[in-house]
Amino acid sequence: MIDRKQTANRTLLAAMPLATSRDVVAARQAVARFMKDRGASALRITRFATAVSEISRNAIVHGGGGDISIYLDGRNEYLHVECRDTGPGIEDVTLAMTEGYTSGGGLGRGLGGAKRLSHGFEIHSVPGEGTLVSMSVKL
């Protein structure tokens, strides 16, 4: 089973399930609200909220649903997001991160795009167990 990273020196701001497109919108809005409340620029908010939307949608479409947690680091400098599903996992993460690669008929810009829109990005996947994507943005 994929475990969440330790939450030492982080404060949990929100945790929500990801099962429908409404949940993707709720995750995006929560991230945008937390960033706005902490003075992030409109451009930075839009970019990171877009990354969160993509990863959340992937958890639903490819992972059969999951959950998302939003954290603030201890210094109030970074917002961290962890998105987890217990779906089939990703066989080849390197290939999945390749621009233009798609396993679901999309444009193949999802994971790579989310990485480009984030300051920190990690993906851990175990075939048959699921995927955990951790992203962060400087506030």
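Sequential numbering from 1 along the given sequence is applied to the chain's residues. Scope of the values below: all heavy atoms of this structure, side chains included, with no hydrogens, waters or symmetry mates.
The shortest side-chain heavy-atom distance between V93 and S125 falls under the 4.5 Å cut-off.
Criterion: ILVMFWY side-chain heavy atoms under 4.5 Å apart, direct or through other members. Under it, V25 and V52 are not part of a common hydrophobic cluster. By the rule that hydrophobic residues join a cluster once side-chain heavy atoms approach within less than 4.5 Å of another member, L132 and V61 end up as members of separate clusters. Both I70 and I60 belong to a single network of hydrophobic side chains, linked directly or stepwise wherever heavy atoms of I, L, V, M, F, W or Y lie under 4.5 Å apart. Placement of F48 and L117 in two distinct hydrophobic clusters is found when ILVMFWY residues are connected by side-chain heavy-atom separations under 4.5 Å, directly or transitively.
K138 and H119 make their closest contact through N-ND1, 2.7 Å (heavy atoms, listed as atom of the first residue, atom of the second, distance). What you find for L72 and L139 is that their closest heavy atoms are CD1-CD1, 3.5 Å. The heavy-atom pair separating S69 from L12 by the smallest distance is CB-CD1, 4.0 Å. Nearest heavy atom pair, residue I45 against residue A40, reads CD1-O, 3.5 Å. The two residues A27 and L18 make their nearest non-hydrogen contact at CB-CD2, 4.4 Å. When all heavy atoms of S56 and C83 are compared, the pair lying nearest together is CA-SG, 4.2 Å.
From S134, atom OG reaches atom NE2 of H124 across 6.0 Å, with rounding to the nearest 0.5 Å. Atom-to-atom distance recorded for T20:OG1 and D23:CG is 3.5 Å, nearest 0.5 angstrom. Between atom NE2 of residue H62 and atom CZ of residue R57 there is a gap of 5.5 Å, rounded to the nearest 0.5 Å. One finds the OG1 atom of T131 at 10.5 Å from the CZ atom of R84 (value rounded to the nearest 0.5 Å).
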Take L111 and I90 through the test side chain to side chain contact (heavy atoms under 4.5 Å, CB included) and record every step on the way to the result.
CA-CA 12 Å; L111 290 174; I90 301 170; 4.3 Å; yes
For a salt bridge (Lys or Arg N to Asp or Glu O under 4.0 Å) check, start with the C-alpha distance between E122 and K115, then their side-chain angles and the critical distance, and finish with the verdict.
CA-CA 8 Å; E122 293 180 26; K115 181 177 182 179; over 6 Å; no
For F121 and V137, what are the C-alpha separation, side-chain angles and deciding distance, and is it a side chain to side chain contact (heavy atoms under 4.5 Å, CB included)?
CA-CA 9 Å; F121 185 94; V137 64; over 6 Å; no
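Residues satisfying the side-chain hydrogen bond (donor to acceptor under 3.5 Å, both in side chains) criterion with S136, sequence neighbours excluded, are absent altogether.
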Do any side-chain atoms of residues 73-81 form donor-acceptor pairs under 3.5 angstrom with protein atoms, and if so which ones, sequence neighbours left out?
| from | atom 1 | to | atom 2 | distance (Å) |
| --- | --- | --- | --- | --- |
| D73 | OD1 | N76 | N | 3.0 |
| D73 | OD1 | E77 | N | 2.7 |
| D73 | OD1 | Y78 | N | 3.0 |

Taking distance alone, no hydrogens or angles, what donor-acceptor pairs closer than 3.5 Å link side-chain atoms of residues 28-36 to residues at least two apart or in another chain?
| from | atom 1 | to | atom 2 | distance (Å) |
| --- | --- | --- | --- | --- |
| R28 | NH1 | A49 | O | 3.3 |
| R28 | NH1 | S53 | OG | 3.0 |

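In this structure, S41 contributes its side chain and R44 its backbone to a donor-acceptor pair below 3.5 Å.
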